[in-house]
Structures are given as structure tokens and as C-alpha cells.
Protein chains: 2
Amino acid sequence: MKIMVVDDDPDMLAVTGFALQQAGYLVVRANSYGSALGTFREERPDGAVLDINLPGGSGFDLCAALRRESDLPILMLTVRGDEADLVRALELGADDYLTKPFSPRTLLARIKALLRRARAEDSRPSAAGELELVLETLTLRIAGREVKLTPLEARLLHLLIASAGQPVATDRILVHVWGHRGGGDRQLLKQLVHRFRQKIGDDPENPRWLETVPNVGYRVRA
Amino acid sequence: MKIMVVDDDPDMLAVTGFALQQAGYLVVRANSYGSALGTFREERPDGAVLDINLPGGSGFDLCAALRRESDLPILMLTVRGDEADLVRALELGADDYLTKPFSPRTLLARIKALLRRARAEDSRPSAAGELELVLETLTLRIAGREVKLTPLEARLLHLLIASAGQPVATDRILVHVWGHRGGGDRQLLKQLVHRFRQKIGDDPENPRWLETVPNVGYRVRA
DNA sequence: CAGCGCTTGTCACCGCCCTGTCACCGGCGA
DNA sequence: TCGCCGGTGACAGGGCGGTGACAAGCGCTG
């Protein structure tokens, strides 16, 4: 389990990071809004702990930005008594909050609870029509048989099945699968889709499962 | 519940021993590296409290030695502020630490927590299918026969059997077995698995007990 | 003290698959 | 006709998993 800790105060970073590492988590650190986004895209942590005061953009913005790209559990660190901040954080998609000052033990308990919840939801197979995705084993059950997926294919399907029936824009796919900020890397997506179709035996001209939506993106039939 | 307390200072020994006894624990005492090992083997305590400064070998060595023979909860007593010592203790397999000076009340709380955690892990089924793990003796009963495990193999199996039927990610295994933070140490896991498979006579291509889940990790058949 | 065996970490190598990249094709609208 | 988009094939680098070999550390024993 990998946790990203974002705080501009080096002491806080050290303390919380150390506590998490002791508990057996992998820890990646960032100290600003910008570096946090980059770190997130590179490291793909399983959870995030965000301070609110950050150079380059508030923790609120960061929370919203992360939410745009991922469903990872987010825990916000707020100052005591500021209820407005708290409400705002939860509205922006934070999963939990902690008021400073807090003990490392408390932090650990909260993080653990969040991850457990997230894992429980993760382990639910996501399904759409004849497709059933099992993320843990990178396996796709499709019309009876089982197909082994690569990590990239699994991420693609995860996104598409979550929006089954609706087209998903290529840019959104690029961000979700590669963390790229979109742009010229459509070739990657073309190949990924091509290889996946070949693997499951789907014909682009006459698709049973994965449709192309011209000038928009792709869609799985519901 | 039996606790071993190791300290060369008779006063400390008396104080901590008394506190633990008051709380209802059986206490066995040792005052040196050598006597501690002997006492441990005779008494098989359920937990240990180790001082770092010991005649005959440091508490670190003792911690490592105990770890080589058992998974019992270990609490180390460190001097305040020496973070290097602390890290080293945890890397050697200690479960928790306490900085001197501390109150007997604190000690009790920590010990209680450790034992509770250990019991919780113990009560996890240590058997899956044809595999039955006995942590105390580092033994694996497998399809009738008995196999002697190394400490590392035991930790690996402990984790895998606890999640029998489900794949366990390589990163999680690395953390659980070695406490490593880095991702670059897959080689260790490769070797560990290889040697274990050889020992029990399992074929990676056609596994009876331990399966590889590509790009994810490993899984024991339920 | 020397020697032995067990455990563990490290290096090197192999084969396979995943992935990124280049090149090309056909269809469609400007 | 040009340019863009989507689909397809081919190739190469690198990662991952499996395997063998070697050395260091440690405990045990003669």
C-alpha cells in the first residue's frame, strides 16, 4: 500500500511519513500543489494525506484535482474548529479529515480504515453486460470464458465499464490509464484498444462489446 | 499470558516485572543476552520486552535472534531521541518501542496492544487447503508430510495463507516479509518463492499450491 | 579454532510478454 | 487533393518471472 503525504511543513512530512512507514506503508512525499500532482501521476499511490495550506494552490484545489483523475481515498488535515473548511473538503470529495494536532496513532487508524473501505469496494467485481472485470487478478470474464488482462487493459476496462453505455472521451482515457495530460499520445490508445480487441475477438466494424464513437472516444455496450 | 523482560538493570527489571504481574501477566526475567535466549527457549513466552544495553550482546542482536526463532511480539526500550536506534530496532523485527523513561501504565498499554494484535493475527486461519502453517515451530504440514520452513518462508506463508484464494500483491509481500520500502527488491521475493517451491516440490508452470498471478503477485490455492 | 551446513542476499542469464514506436492503409470531410 | 482519424502490422526495448551459481553471515560441532 502506497500513501502520498502532501505538506509544506518538513516536520509534519517527517513525522507522518515515518509513522506510516513504521506501519508498513510505502510513503511518497510532496511539499507543494504542483509536485503533488506530478508525484501522484508517477507513483499512483493508494491513498493520500493532504494538508490544506500548500504553496502553489490550496489543498482544496489539490483534492479536487486528484478527484478528477482518481477515486483514491483522500484524508485532509484541517485546523481545529474551522467547520467551513471541513464541509468544503468533504464536498470536494475528501473521504475523511483530521484536525491538527493529532497523534500518529490516530492518523494510522484513520488511514487504515479508509484503505480497508476502498479495498472492499475495489474487490467488488465491476460488471457491464457480458463483461465482468476482476481487478485483483487482472481477469475479465466475457461471455462465459476468462481472459487474462494486462495492467493497462485492466485500467482501460475499469474506466469504460464504470461508464458502461456512455462514451468516454479519449482524453479522459489517456489520463486514467497513463496519467498523461492528453495530447499527442492517441497512438498508445489505438494500440491498446487494438490489442484488447484482438485478445477478446471483437471486430471494430461490428463490435459486440467495445464500440468506437468517432471523434469522441470509446464505449462498452451496457 | 507470559511475558519475558530482559534488562541488566535490576531496578528496571523489578519495576516493569511488578507492573506486568499486577496486570495479571506471568513474568519471566533475564538480565543478559545469553540467559535471555535460554529462557526464551525454555519458557516460550507470548511476548518480550527488551532493553537495548545488555551484557553479552546488544538488544538488537537479541531481537534478531528471537526473530529467527519466533514471531512473538517484541517491544524494545530505547533512549529518548535516538531515532537511528529506533529505526534499526524496527528493521530487525521489533513490533513496537518505548522511550525511557516511561510510566508502567504506558508500558502496560503497549504490551496489551501488542498481544491483542498478535492474537488477532494468530486467530487468522493458518491453514488453507492442504497447507497448515505452525508458526511456533516454523513448520508447514503439506499434503500429509511436514516441511521445515525458514523464518522468511514462514512470514511469506503467513501472509499468503491469511489471504488464501486471493492474490497478494508483490509490494504487500515485500513490506510484510522484509519491511522494505523500495520496489526494487523483487529479486529477493523471486528467490524466496523459488526456494520455497523447490522445497515443497511445486512446479510454477503447473502449481498445486502456490500460483503466480502475472503482474500482480502470488496466491495460494484455497 | 577450524570446519560444516543452513539461511539469505546478490549477480548473471534466459525466455516471454508488455509496451512504446514507426510505418502504412482506408475512409471521410474540407 | 490534402489532412485527420481510426485500424493494423511489425519491430525493439525493457520489465517480469524463473533459474542457477556464488559468497557472506551465523550457529553448531568436533
Side-chain angles (χ1 to χ4, degrees), chain A residues 138 147-157 167-171 173-174 177-180 182-207 210-219, chain B residues 33-34 37-38 40-41 56-58 60-69 91-93 138 147-157 167-171 173-174 177-180 182-207 210-219:
Chain A
L138 300 183
V147 178
K148 199 88 187 69
L149 298 181
T150 70
L152 289 187
E153 287 166 352
R155 281 202 219 164
L156 172 67
L157 268 281
V168 180
T170 54
D171 282 354
I173 302 180
L174 288 178
V177 175
W178 285 275
H180 287 180
D185 277 324
R186 287 153 202 277
Q187 179 63 20
L188 296 176
L189 181 53
K190 276 162 56 179
Q191 282 299 333
L192 181 61
V193 168
H194 176 230
R195 282 158 179 159
F196 172 68
R197 278 171 166 161
Q198 217 162 277
K199 180 177 286 188
I200 66 172
D202 209 11
D203 176 15
E205 306 296 320
N206 197 4
L210 181 55
E211 299 176 341
T212 302
V213 182
N215 299 311
V216 178
Y218 295 92
R219 164 176 57 188
Chain B
Y33 177 94
L37 261 186
F40 167 76
R41 288 177 181 140
S58 83
F60 296 124
D61 302 332
L62 180 54
C63 177
L66 291 177
R67 263 294 161 270
R68 235 172 281 128
E69 305 191 13
E91 278 177 352
L92 283 173
L138 298 182
V147 178
K148 195 89 183 68
L149 297 181
T150 71
L152 288 187
E153 287 166 351
R155 283 208 216 171
L156 173 67
L157 268 281
V168 181
T170 54
D171 282 354
I173 302 179
L174 287 178
V177 176
W178 285 275
H180 283 182
D185 279 322
R186 287 157 201 276
Q187 179 65 17
L188 296 176
L189 180 53
K190 277 162 53 178
Q191 282 299 332
L192 181 61
V193 168
H194 176 57
R195 284 159 177 159
F196 172 69
R197 276 171 166 161
Q198 219 162 277
K199 180 177 287 188
I200 66 172
D202 210 8
D203 176 15
E205 306 295 320
N206 198 5
L210 180 54
E211 298 177 342
T212 302
V213 183
N215 298 308
V216 178
Y218 295 93
R219 164 176 57 186

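Letters go in sequence order (proteins before strands), and every chain restarts at 1.
- Applying the side-chain contact (heavy atoms from CB on, under 4.5 Å) criterion to B/Pro214, with sequence neighbours excluded, gives A/Lys148.
- Residues B/Thr212 and B/Arg197 bring a donor and an acceptor atom of their side chains to less than 3.5 Å of each other.
- Checking B/His194 against A/Thr212, the closest nucleotide of DNA chain D that is more toward the 5' end is the one next to A/Thr212.
- Going from atom CZ of B/Arg197 over to atom C1' of D/dG20 covers 16 Å, rounded to whole Å.
- Not counting sequence neighbours, the partners of B/Gln198 by the side chain to side chain donor-acceptor pair (under 3.5 Å) test are B/His194.
- The distance between atom CG of B/Leu62 and atom C1' of D/dG27, rounded to the nearest whole Å, is 15 Å.
- Residue A/Tyr218 has a polar side-chain atom (N or O) positioned under 4.0 Å from OP1 or OP2 of D/dG7.
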Identify all pairs in which a protein N or O lies below 3.5 Å from an N or O of nucleotides 23-30 of chain C, and state each distance.
from, atom 1, to, atom 2, distance (Å)
C/dA23, N6, A/Gln187, NE2, 3.3

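- Protein atom CD1 of B/Ile173 is 13 Å distant from nucleotide atom C1' of D/dG17, rounded to whole Å.
- Separating the CG atom of A/Asp185 from the P atom of C/dT21 is a distance of 7 Å, rounded to the nearest angstrom.
- Summarising the geometry, the separation between CG on B/Leu189 and P on C/dT8 is reported as 13 Å, rounded to the nearest angstrom.
- Considering every non-hydrogen atom in both B/Asn215 and A/Leu138, the closest pair reads CB-CD1, 3.8 Å.
- In this structure, B/Ala65 and B/Val193 both approach DNA chain D, and ranking their closest nucleotides by distance from the 5' end singles out B/Val193.
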Under 3.5 Å, which N/O atoms of the protein pair with N/O atoms of nucleotides 15-19 of chain C?
from, atom 1, to, atom 2, distance (Å)
C/dT19, OP2, A/Thr150, OG1, 2.6

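- Across B/Leu149 and B/Ala154, no two heavy atoms sit closer than the pair CD1-CA, 4.0 Å.
- Secondary-structure stems of DNA chain D, taken as three or more successive Watson-Crick or G-U wobble pairs (i with j, i+1 with j-1) under a 3.5 Å distance threshold, comprise C:1-30 with D:1-30.
- In this entry the distance linking CG of B/Asp202 with P of D/dG18 reads 11 Å, nearest Å.
- At distances below 3.5 Å, not a single donor-acceptor pair connects side-chain atoms of B/Arg219 with backbone N or O atoms of B/Glu211.
- To the nearest angstrom, P of D/dT8 lies 7 Å from CD of A/Glu205.
- Of the residues A/Leu210, A/Asp202, A/Thr170, the one that meets the side chain to side chain contact (heavy atoms under 4.5 Å, CB included) test with A/Val193 is A/Leu210.
- In this structure A/Asp203 satisfies the side-chain contact (heavy atoms from CB on, under 4.5 Å) test together with A/Glu205, A/Asn206, sequence neighbours excluded.
- The separation between B/Arg219 atom CZ and D/dG17 atom C1' is 16 Å, rounded to whole Å.
- Annotation: side chain of A/Leu152 is not in contact with side chain of A/Phe196 (no heavy-atom distance under 4.5 Å).
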message: Determine whether A/Trp178 and A/Leu192 satisfy the following criterion, side-chain contact (heavy atoms from CB on, under 4.5 Å), listing intermediate values before the conclusion.
response: CA-CA 11 Å; A/Trp178 285 275; A/Leu192 181 61; 3.7 Å; yes
task: Check the pair A/Thr150 / A/Arg195 against side-chain contact (heavy atoms from CB on, under 4.5 Å), numbers first and verdict last.
output: CA-CA 10 Å; A/Thr150 70; A/Arg195 282 158 179 159; over 6 Å; no
